[in-house]
S.K.: 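Here you go, one structure.
Numbering starts at 1 and runs along the sequence shown.
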Amino acid sequence: MELDGEKINIVDIMKAGAELEGKIRSLGVADLVTHDEVAEYQSAVDMSRKGYVGEYFHQSINTLPPTMFQGLICRDENGSVIGTTAIRCDNISGWDLSRYIREYWSRAYRTTDGETVELSEEAVPFAKGITGPVAYIGDTFVDKAYNGSNLAAYIVRLSLLIASAKWQPNYIYGWMARHHAFKAALFLRWGYTTCYANGFIWKRPPENKAYADLCFLGCEPAGVIQLVRNPLDIGLDLE
């Protein structure tokens, strides 16, 4: 396969994925399962302490066939769901990612008055010009018993590899709360190469205040190449 004009052997991606899987299992994950059916993924999430699937993946507002979706579930030795993340891929050709985000959020989120939210056309300017197939990674959850284990970083890194191998997207993006994004550069630990704050310019903000000021995370194919070469490097040697 080719990323950013550079040919990457699929075996190298598999090796990087195997390294990440080994690390994930070493942290107490006994069972690592992928789902390409949203219903199966949602059933597993329902049994976790998270207890809900976010808007980008919820069946009530999305139609995601297996060609567009991949869920990842981590279970401990007792079968309890201790970690989740999910990926969707959308071909947005004809729009750019800025337009897609504005359109999607206005359909999926509500204001305190129950109206659809509305972003200014000047919102998320850093997503302008990004088009074609794009992958989104979100719904990331790790049980509080595993706080401090960096399990989230490793499962998101694995998800970046899965997205690249399955869809070869032009861009992979996600969202992160500001206090997480800037705390020890957590977005870098997760495998993203870009973080933008202050991207939302609201005409009608969402009811959930946590959604009103998220940081935009991005990873170009060049970032995936670096991830393939150094899958476990989350900067711990700097601590």
Side-chain angles (χ1 to χ4, degrees), residues 24 29 31-75 80-92 95 97-110 116-117 119 124 127 130 132-143 151-177 180-181 187 190-192 199-200 206-208 210-212 214-219:
I24 289 167
V29 174
D31 196 16
L32 185 63
V33 181
T34 57
H35 294 289
D36 58 14
E37 289 285 350
V38 177
E40 295 175 358
Y41 172 76
Q42 187 160 325
S43 294
V45 173
D46 287 345
M47 294 186 291
S48 72
R49 290 186 182 176
K50 184 175 191 288
Y52 67 92
V53 170
E55 287 84 354
Y56 267 88
F57 304 102
H58 203 281
Q59 290 177 293
S60 63
I61 52 176
N62 298 284
T63 302
L64 294 171
T67 54
M68 296 173 62
F69 173 79
Q70 191 77 77
L72 184 66
I73 296 292
C74 300
R75 298 180 185 272
S80 299
V81 174
I82 58 173
T84 73
T85 196
I87 319 162
R88 62 179 290 166
C89 186
D90 299 274
N91 192 324
I92 60 172
W95 286 355
L97 186 54
S98 175
R99 169 75 182 276
Y100 176 81
I101 290 170
R102 296 197 311 271
E103 294 280 348
Y104 185 81
W105 277 67
S106 68
R107 184 165 60 88
Y109 298 86
R110 293 292 180 268
T116 58
V117 303
L119 282 161
V124 289
I130 299 170
V134 296
Y136 169 81
I137 298 176
D139 223 41
T140 304
F141 157 79
V142 168
D143 191 277
L151 178 57
Y154 295 117
I155 62 176
V156 172
R157 282 173 167 256
L158 181 57
S159 296
L160 285 163
L161 294 182
I162 291 171
S164 298
K166 186 170 183 176
W167 295 295
Q168 298 178 46
N170 292 337
Y171 201 82
I172 305 173
Y173 74 105
W175 303 105
M176 184 179 281
H180 290 313
F187 71 96
W190 284 24
Y192 291 96
F200 284 145
E207 178 182 13
N208 188 332
Y211 291 168
L214 294 172
C215 291
F216 174 91
L217 312 182
C219 185

S.K.: Looking only at heavy atoms, what is the nearest atom pair of P169 and A163, with distance?
M.R.: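 Of all heavy-atom pairs spanning P169 and A163, the closest is CD-O, 3.4 Å.
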S.K.: Which residues pass the ring-ring contact (aromatic ring centres under 6.0 Å, His included) test with Y211, sequence neighbours left out?
M.R.: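 Here the qualifying residues are Y109.
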S.K.: What residues, two or more places apart in sequence or in another chain, satisfy ring-ring contact (aromatic ring centres under 6.0 Å, His included) together with Y173?
M.R.: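 Testing Y173 for ring-ring contact (aromatic ring centres under 6.0 Å, His included), a comparison that skips the adjacent residues, returns Y136, F216.
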S.K.: Which residues satisfy the side chain to side chain contact (heavy atoms under 4.5 Å, CB included) test with R107, sequence neighbours excluded?
M.R.: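 In terms of side chain to side chain contact (heavy atoms under 4.5 Å, CB included), with neighbours along the sequence ignored, R107 is linked to Y104.
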S.K.: Excluding sequence neighbours, so at least two apart, what forms salt bridge (Lys or Arg N to Asp or Glu O under 4.0 Å) with R102?
M.R.: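 R102 satisfies salt bridge (Lys or Arg N to Asp or Glu O under 4.0 Å) with no other residue.
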S.K.: Compare every heavy atom of C219 with every heavy atom of G191, then report the nearest pair and how far apart it is.
M.R.: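 For G191 and C219, the tightest heavy-atom pair comes out as O-SG, 3.8 Å.
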S.K.: Under the side chain to side chain donor-acceptor pair (under 3.5 Å) rule, collect the residues that match up with S60, sequence neighbours excluded.
M.R.: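 S60 satisfies side chain to side chain donor-acceptor pair (under 3.5 Å) with H58 only.
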S.K.: Looking at every heavy atom in both L217 and F187, which two are closest together, and how far apart are they?
M.R.: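 Taking L217 first and F187 second, the nearest heavy atoms are CD2-CB, 3.7 Å.
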S.K.: Roughly how far, to the nearest 0.5 Å, is the OG1 atom of T63 from the CZ atom of F69?
M.R.: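 Result: 13.0 Å between the selected atoms.
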S.K.: Any donor and acceptor pair, going by atom type alone, linking the side chain of R88 with main-chain N or O of Y56 inside 3.5 Å?
M.R.: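 Answer holds: yes.
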S.K.: For T67 and D36, run side-chain contact (heavy atoms from CB on, under 4.5 Å): C-alpha distance rounded to whole Å, both residues' side-chain angles, the deciding distance at 0.1 Å, then the answer.
M.R.: CA-CA 8 Å; T67 54; D36 58 14; over 6 Å; no
S.K.: Can you list the residues that meet the ring-ring contact (aromatic ring centres under 6.0 Å, His included) rule with F200, with sequence neighbours excluded?
M.R.: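 For F200 the ring-ring contact (aromatic ring centres under 6.0 Å, His included) partners, ignoring immediate neighbours, are W105, W175, W202.
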S.K.: Just jot down the salt bridge (Lys or Arg N to Asp or Glu O under 4.0 Å) partners of E207, sequence neighbours excluded, or say none.
M.R.: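 By the salt bridge (Lys or Arg N to Asp or Glu O under 4.0 Å) rule, E207 matches no residue at all.
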S.K.: Answer yes or no: is there a side-chain heavy-atom contact under 4.5 Å between Q70 and W167?
M.R.: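 With C-beta onward as the side chain, the pair touches.
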S.K.: Please check if the side chain of T34 supplies one atom and the backbone of L72 the other of a donor-acceptor pair under 3.5 Å.
M.R.: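 Flag not set: sc T34 to bb L72 has no pair under 3.5 Å.
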S.K.: Taking A210's backbone N and O only, do any of them form a donor-acceptor pair with N208's side chain (distance below 3.5 Å, no angle check)?
M.R.: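 At least one qualifying donor-acceptor pair exists.
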S.K.: Could you pull out all residues at least two apart from N170 that satisfy side chain to side chain donor-acceptor pair (under 3.5 Å)?
M.R.: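 Testing N170 for side chain to side chain donor-acceptor pair (under 3.5 Å), a comparison that skips the adjacent residues, returns none.
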S.K.: Measure the spacing between CD1 of I137 and CD1 of I172 and express it to the nearest 0.5 Å.
M.R.: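 Spacing of CD1 (I137) from CD1 (I172) equals 5.5 Å.
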S.K.: Distance check, rounded to the nearest 0.5 Å: I155 atom CD1 versus C74 atom SG?
M.R.: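 It comes to 5.0 Å.
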S.K.: With sequence neighbours excluded, tell me which residues meet side chain to side chain contact (heavy atoms under 4.5 Å, CB included) with S80.
M.R.: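 Expected list: D76, N78.
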S.K.: Should I130 and Y100 count as side-chain neighbours, where that means a heavy-atom distance under 4.5 Å?
M.R.: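 Of all side-chain heavy-atom pairs linking Y100 with I130, none is under 4.5 Å.
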S.K.: Are M176 and Y192 side-chain neighbours, meaning at least one heavy-atom pair lies under 4.5 Å?
M.R.: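 No, too far: nothing below the 4.5 Å cut-off.
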S.K.: Taking only residues two or more places apart in sequence, or in another chain, which ones meet R110 in a side chain to side chain donor-acceptor pair (under 3.5 Å)?
M.R.: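 Partners of R110 under the side chain to side chain donor-acceptor pair (under 3.5 Å) test: none.
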S.K.: Which atoms form the tightest heavy-atom contact between I162 and I87, and what is the distance?
M.R.: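 Heavy-atom minimum between the residues: CG2-CD1, 3.9 Å.
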S.K.: Are the side chains of L158 and L32 in contact, using a 4.5 Å heavy-atom criterion?
M.R.: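 The answer is yes, as the side chains (C-beta and beyond) meet within the 4.5 Å cut-off.
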S.K.: Kindly write out the residues that satisfy side chain to side chain donor-acceptor pair (under 3.5 Å) with E37, not counting sequence neighbours, or none if the list is empty.
M.R.: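 None.
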S.K.: Would you indicate whether the side-chain heavy atoms of T140 and W190 approach each other to under 4.5 Å?
M.R.: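 They are in side-chain contact.
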S.K.: Which atoms form the tightest heavy-atom contact between E55 and N62, and what is the distance?
M.R.: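 In terms of heavy atoms, the two residues are closest at O-ND2, 2.7 Å.
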S.K.: My understanding is that only residues two or more places apart in sequence, or in another chain, count here; which of them pass salt bridge (Lys or Arg N to Asp or Glu O under 4.0 Å) with K166?
M.R.: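 Here no residue qualifies.
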S.K.: In Å and rounded to the nearest 0.5 Å, what is the CZ to OG1 distance from F57 to T84?
M.R.: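 Here the interatomic distance stands at 9.5 Å.
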S.K.: Are V81 and D143 packed together at the side-chain level, in the sense that at least one heavy-atom pair is separated by less than 4.5 angstrom?
M.R.: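 Sidechains of D143 and V81: no contact.
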S.K.: Would you say D139's side chain and G54's backbone share a donor-acceptor pair under 3.5 angstrom?
M.R.: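 Yes.
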S.K.: How far does CG of L119 sit from CD of E103, to the nearest 0.5 angstrom?
M.R.: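 If I round to the nearest 0.5 Å, the distance is 10.5 Å.
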S.K.: For G138 and T85, work out which heavy atoms get closest and say how close.
M.R.: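 Reported closest heavy-atom pair: O-OG1, 3.3 Å.
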